[in-house]
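In what follows, a single structure is set out as structure tokens and then discussed.
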Amino acid sequence: MFEYAPAPESRSIVDIASSYGLFIGGEFVDTRDGHTFKTISPASEEVLAEVTEAGPADVDAAVAAARRAYDRVWSKTPGRERAKYLYRIARILAERSREFAVLETLDNGKPIRESRDVDVPLASAWFFYYAGWADKLAYAGLGSDPQPVGVAGQIIPWNFPLMMLAWKIAPALAAGNTVVLKPAETTPLTALLFASVCQQAELPPGVVNIVTGAGATGQALVAHPDVDKIAFTGSTEVGKAIARAVAGTDTKVTLELGGKAANVIFDDAPVDQAVEGIVNGIFFNQGHVCCAGSRLLVQESVYDEVLERLKRRMATLRLGDPMDKNTDVGAINSREQLTRIRELSEVGDAEGAQRWSAACELPEHGFWFPPTIFTGVTQAHRIAREEIFGPVLSILTFRTPAEAVEKANNTPYGLSAGVWTEKGSRILWMADRLRAGVVWANTFNRFDPTSPFGGYKESGHGREGGRHGLEAYLR
Amino acid sequence: MSVSDRLDVRKTYKLYIGGAFPRSESGRTYEAFDAKGTFLANVARASRKDARDAVSAARKAFAGWSGATPYNRGQVLYRVAEMLEGRREQFIAEVMAGEGLRRSGAGDVVDRAIDRWVWYAGWADKIAQVHGSANAVAGPYFDFSLPEPTGIVATIAPQESSLFGLVSVLAPVIVTGNTAVVVTSYSRPLPAMTLAEVLATSDVPGGVVNVLTGDSTEVGPWLASHMDVNGIDLAGVSDPDLATALEEAAADNLKRVLRPGLPAWDVADPGIHRMTPFLETKTVWHPIGV
């Protein structure tokens, strides 16, 4: 492995306030009935800022602001004008991209290379794409005169904070809705910075409202009677609770939940590319990816070769300071998540699977878990069934394509899958049979605003991205 | 005895599960009456076990039906329409009796039911083009999205409109490749069982449609909480508390849920809105290169 000198990105580009209120009605306001909590950098445990845990009265005020903006302004704003606001936001995000990337990496722990090259550019692209839909909704195949739903409550996770914000807000606004967005408890800062983007874009006050907080804040939003639509990305457990909570109401719901994706390697796969795909599939973003390729299915005849090359490649992954431009694997997002990854990995040991990770020095402070693989995993093992949401790969084998399909589909989830083979007809045969919302063939973890994304079965329902992504926000 | 005094040969009404007509395993029946309160038949009263058998039959049929070519599904469903037309008089008589309509009104209902079946049959090989997409991603990838059936859909059929309502909620579910378990109108079950006879004698594989007569308040909760059912349509549920309870139970495995009333089925053009809720969109990516 080559030695690199440290190459940290400068954090001077971003100003973090010592404390943040809530963004309601176009301005930052103090909490009515909430508390404050601290958000830290998971790489150093340094306190970054104090943020507000919004209470029910805060949520109520945010929903009221969104309703006012919807009734008085946004529902009367023509699509071509809404489009121009969204184009402005896309451009401002691009202009301030480095600022957002640095802040995202500080608050989330992901490598700056990923926030800079994936999260922020995609967030801008998402707004740019949906901007163009705002005045073309009649062509979306959802009826000749589709109407917005009204006020959307949106709850997003901590793994791609800004990108998830864009996935939620861009289609909602394009379709003519106003929103109340709750970012995740551990990663509120880029959403709060996004408030200043709305101000720079002169977006009418109340069209976007941001309430920070934890689960209780989210519950208050879900339970609010004046919210017309809930969009949630997060765990399957919370997704089910939301589905129960809205039963019997008129509230529309879309859910993008967990996964346990199979990444299937056939014996004729281009091995070097496949190994890159395996690494990208499970170690991208520390494995904090709902569509992560966390179950590797390798055809028996190439198992030894794939495993050997995978280990060799893993030995070159650089774990450490997320702000360093050479870092491949950053910090685990929170102590709580680290505990869960450790616990499930220990279950893997206890159930008889063999753990391996490359020799790797973990930083003294912060939350870290080395890229890890388990071999000798069976379908009954919990590490093959449960979402770990960390850099932990379970490796299984198969002999025939039919067995690969059987094993890949043997999960209550159905978000994504990967297939590696040089044979085109086999790719399409597999793609046809895999019960998953996204199938990456000879690639993995690709995202694009034009491309519908979302799950089968317990991975949720509804799609984000593309023409399909508008459906959640129109009636 | 004059000819008019001849006793008619009555039909025994049973359930339709996996292509066969079993009695309810519970051995129970209930009385169905015409609109004037005259006895029509003893109808099977489906139980939890019948519901589970129906789900298991629907699961068995799913791979074959969803894997059939859309052209084939369209042909099979069109064949059903041909058979419906052939039984037109029987359906008119049953709709007249059950729904209390005059002959002309019942004839109109049956015509609309047959026409709607034909309309949906034609969607089999078109929905992918209308609801799918080629996605212009910013990179060297071929990226496309296709609709696929969700799986097994349980349907509580409309209670008033025993034939047109049933056809309007059943055809959109199966035309796209789902398999179905239907709980019929409780008080007007006979046209549904005649439809089951049509399905059994056309080319629809056994298990693609399973028809249960009985009480949706009894069978509904078992279907809503069944972990191998992927979607539920509450079209025929009029009690809001029951609708809420069924939707809550459906959350256990995140079934796709159609709430009562929406989208409307009793309109001239139902659009694609009763098909898409039970379709999954699958997006496939592949690099472009040499």
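Naming convention: chains lettered A, B, ... in sequence-line order (proteins, then strands); numbering from 1 in each chain. Quantities reported herein were computed from a predicted structural model and do not represent experimental measurements.
- Of the atoms belonging to A:Leu257, it is side-chain heavy atoms, and not backbone ones, that fall under 4.5 Å from chain B.
- Residue pairs meeting the salt bridge (Lys or Arg N to Asp or Glu O under 4.0 Å) criterion with at least one member in residues 51-68 of chain B, sequence neighbours excluded, are B:Lys49-B:Asp53, B:Arg59-B:Asp228.
- Inspection of non-hydrogen atoms places B:Val130, B:His131, B:Gly132, B:Ser133, B:Asn135, B:Ala136, B:Val137 of residues 124-137 of chain B under 4.5 Å from chain A.
- Looking only at side-chain heavy atoms (C-beta outward), B:Asp252 and A:Lys240 stay at 4.5 Å or farther from each other.
- Both the backbone and the side chain of A:Pro452 come within contact range of chain B, each with at least one heavy atom under 4.5 Å from a heavy atom of that chain.
- Side chains of A:Val438 and B:Val284 form no contact here, defined as non-hydrogen atoms less than 4.5 Å apart.
- Contacts between B:Ala243 and chain A at a heavy-atom distance below 4.5 Å are absent for every atom of the residue.
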For this session: List the steps and the verdict of salt bridge (Lys or Arg N to Asp or Glu O under 4.0 Å) for B:Glu247 and A:Arg244.
Result: CA-CA 7 Å; B:Glu247 190 177 342; A:Arg244 278 182 208 105; over 6 Å; no

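- Under a cut-off of 6.0 angstrom, the local environment of NZ in A:Lys423 is sparse, with at most 12 non-hydrogen atoms contributed by other residues, nucleotides or ligands.
- When each of A:Ile427, A:Asp432, A:Ile242 is scored by its heavy-atom pairs under 4.5 Å with chain B, the top score falls to A:Asp432.
- With contacts defined as side-chain heavy-atom distances shorter than 4.5 Å, the pair A:Thr443/B:Tyr141 qualifies.
- Of the listed residues (A:Ala441, A:Ala241, A:Ala243, A:Gly414), the greatest number of heavy-atom pairs within a distance under 4.5 Å of chain B belongs to A:Ala441.
- Chosen from A:Leu255, A:Asp250, A:Val253, A:Thr450, the residue pairing most often with chain B at heavy-atom distances under 4.5 Å is A:Thr450.
- For residues 454-461 of chain A, heavy-atom neighbours of chain B at less than 4.5 Å comprise A:Gly455, A:Tyr456, A:Lys457, A:Glu458, A:Gly460, A:His461, sorted by residue number.
- Neither the backbone nor the side chain of A:Arg475 has a heavy atom closer than 4.5 Å to any heavy atom of chain B.
- Checking side-chain atoms of B:Thr283 against main-chain N and O of A:Ser451 turns up no donor-acceptor pair under 3.5 Å.
- When side chains are defined from C-beta on, B:Thr244 does not count as touching A:Thr249, because their heavy atoms never get closer than 4.5 Å.
- Closest non-hydrogen pair, B:Glu248 versus A:Ala247, comes out as CG-CB, 3.5 Å.
- Only the backbone of A:Ala436 comes within contact range of chain B, with heavy atoms under 4.5 Å apart.
- For B:Asn253, the parts lying under 4.5 angstrom from a heavy atom of chain A are both the backbone and the side chain.
- Annotation for A:Tyr87: atom OH counts as buried by contact number, over 12 foreign heavy atoms lying within 6.0 Å.
- Using a 4.5 Å cut-off between heavy atoms, B:Thr276 touches chain A through its side chain atoms alone.
- For A:Gln379, the CD atom counts as densely surrounded, since its 6.0 Å shell holds more than 12 non-hydrogen atoms of other residues, nucleotides or ligands.
- Only the side chain of A:Arg467 comes within less than 4.5 Å of a heavy atom in chain B; its backbone stays farther off.
- Around CZ of A:Arg91, the count of heavy atoms belonging to other residues, nucleotides or ligands within 6.0 Å does not exceed 12.
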For this session: Evaluate side chain to side chain contact (heavy atoms under 4.5 Å, CB included) for B:Glu280 paired with A:Arg463, printing each intermediate quantity in order.
Result: CA-CA 9 Å; B:Glu280 305 296 324; A:Arg463 291 294 178 270; 3.5 Å; yes

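- Residues of residues 256-265 of chain B lying under 4.5 angstrom from chain A, judged on non-hydrogen atoms, are B:Arg256, B:Arg259 by number.
- Contacts of B:Ser145 with chain A are made by side-chain atoms alone, with heavy-atom separations under 4.5 Å and no backbone atom involved.
- Enclosure of atom CH2 in B:Trp222 is not indicated, since only 12 or fewer non-hydrogen atoms of other residues, nucleotides or ligands lie within 6.0 angstrom.
- Contacts of B:Pro240 with chain A are absent, with no heavy-atom separation under 4.5 Å from either backbone or side chain.
- Put simply, of A:Phe453, A:Tyr129, A:Phe447, A:Phe444, the one with the most heavy-atom pairs under 4.5 Å next to chain B is A:Phe447.
- At a 4.5 Å heavy-atom cutoff, the contact between A:Val246 and chain B is made by backbone and side-chain atoms alike.
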